[in-house]
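Structure first, commentary second.
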Amino acid sequence: MAFVTLAVLEGLERGHVFRNLKPPVTIGREEVNDVQLNDERISRLHAKLQEDQGSIIFTDLNSTNGSRVNGHPVQLRVLRPGDHLQLGRCTLLFGSPEEIAARALQLGVSPMDVLPLSSPELTDSFIKLARVDGPQSEDILPASLFCGERPPLPSPLSSVQRARLSDLLMYIHELLQEIITTSSEADAATGFMLVDWARFQNLLRLQKDLAHWLNVVVNPDTDSTAD
């Protein structure tokens, strides 16, 4: 059984630590939640954390203002110790100090390297993201969603699931390979690269496809064949 530790970094409950919560854990504005946050921008039942095969899965429960992990809008996410969850004006740190240190040791880095708020610049960005009203400003730089750590491939998979995943990865690999092999260096001093217009359009199409697939994964009832 994996237990959940959440520390409130920003918000009215700042400084409070919710320790050793047993999944499933609900987060929201109402008292019925395991983690209650007093913020009008947070929905009554905002998000849920549940365990699956030893991992903690974060799910946004169709909240009014959405959720962010490390500054990025998410609806479904496998959490890793050191991740920062932003709900309304609140920022929560996922994981105990021991779990964060263990992840850093596994990656061979300093514990500060797995914390998106380890630099003053990113800390300021997070505070702005947590407090801003209305659309997010484009000049606010989100932290890394993965802090340089590649997510593992899903396992176990059936034969048809492995084949379909292989097809998707090969499709992505083929498009990226075409862009890389047809690009040329524009100016060594600036580091800019020239990309063929048609290849660039393919890259935009790939971004659109990836956005659609993410939506299908999060919302299984979505038409997976929609263009």
Side-chain angles (χ1 to χ4, degrees), residues 55 57-58 60 66-84 86 103-119 121-126 129 135-220 222-227:
S55 297
I57 312 299
F58 174 90
D60 182 275
S67 303
R68 291 175 176 262
V69 173
N70 300 346
H72 298 260
V74 300
Q75 193 168 356
L76 189 67
R77 156 83 171 175
V78 177
L79 293 180
R80 295 166 177 80
D83 280 345
H84 289 74
Q86 293 162 279
R103 180 187 173 204
L105 180 63
Q106 183 181 23
L107 296 174
V109 299
S110 164
M112 295 300 291
D113 291 333
V114 299
L115 295 175
L117 298 189
S118 59
S119 70
E121 294 81 6
L122 291 180
T123 300
D124 291 341
S125 296
F126 261 91
L129 283 168
Q136 305 296 343
S137 173
E138 293 183 357
D139 61 355
I140 298 177
L141 175 67
S144 169
L145 187 58
F146 299 98
C147 293
E149 182 182 2
R150 288 178 296 180
L153 288 171
S155 179
L157 297 174
S158 67
S159 296
V160 67
Q161 287 173 330
R162 288 199 303 271
R164 288 175 176 172
L165 178 59
S166 176
D167 284 347
L168 283 174
L169 294 177
M170 286 297 296
Y171 169 72
I172 296 170
H173 182 271
E174 183 179 84
L175 286 180
L176 293 178
Q177 186 177 41
E178 288 178 353
I179 294 168
I180 292 171
T181 56
T182 58
S183 300
S184 59
E185 192 172 38
D187 187 345
T190 62
F192 289 121
M193 299 292 293
L194 291 175
V195 180
D196 178 78
W197 177 254
R199 303 300 185 195
F200 181 71
Q201 293 301 312
N202 287 341
L203 184 61
L204 295 180
R205 173 61 184 266
L206 176 59
Q207 184 185 37
K208 177 183 176 183
D209 287 340
L210 289 171
H212 174 66
W213 293 334
L214 284 169
N215 186 42
V216 171
V217 170
V218 172
N219 303 291
T222 302
D223 182 4
S224 61
T225 62
D227 191 357

The criterion is side-chain hydrogen bond (donor to acceptor under 3.5 Å, both in side chains); which residues satisfy it with Gln201, sequence neighbours excluded? none
For Leu176 and Leu206, run side-chain contact (heavy atoms from CB on, under 4.5 Å): C-alpha distance rounded to whole Å, both residues' side-chain angles, the deciding distance at 0.1 Å, then the answer. CA-CA 9 Å; Leu176 293 178; Leu206 176 59; 4.1 Å; yes
CE/Met170 to CD/Gln177 distance, rounded to the nearest 0.5 angstrom? 8.5 Å
Quick one, Ile57 and Val78 - any side-chain contact, counting heavy atoms below 4.5 Å? yes
OG of Ser184 to CE of Met193, rounded to nearest 0.5 Å, is 6.0 Å
Identify the two heavy atoms, one from Arg103 and one from Pro81, that lie closest to each other, and give their separation to 0.1 Å. NH1-O, 2.7 Å
The reported gap from CD in Gln161 to OG in Ser155 (rounded to nearest 0.5 angstrom) is 10.5 Å
Other residues, nucleotides and ligands only: do more than 12 of their heavy atoms fall within 6.0 Å of OH on Tyr171? yes
Taking the side chain as every heavy atom from C-beta outward, state whether Leu204 and Gln207 have any pair of such atoms under 4.5 Å apart. yes
Spacing of CG belonging to Asn219 relative to CD belonging to Gln75, to within rounding of 0.5 Å: 5.0 Å
My understanding is that only one of Leu203, Ile180, Asn202 makes a side-chain contact (heavy atoms from CB on, under 4.5 Å) with Leu175; could you say which? Asn202
List, one per line, each side-chain donor-acceptor pair under 3.5 Å for residues 162-169, sequence neighbours excluded.
residue: Arg162; atom: NH1; partner: Leu157; partner atom: O; Å: 2.8
residue: Arg162; atom: NH2; partner: Ser159; partner atom: OG; Å: 3.4

Between Gly71 and Gln86 the two heavy atoms that sit nearest each other are N-OE1, 3.0 Å
Please round to the nearest 0.5 Å and tell me the distance separating atom NE2 of His72 and atom NE2 of His84. 13.0 Å
Looking at Asp60 and Gly66, what are the two nearest heavy atoms and their distance? OD2-C, 3.6 Å
Close side-chain approach of Leu210 and Ile172, heavy atoms under 4.5 Å: yes
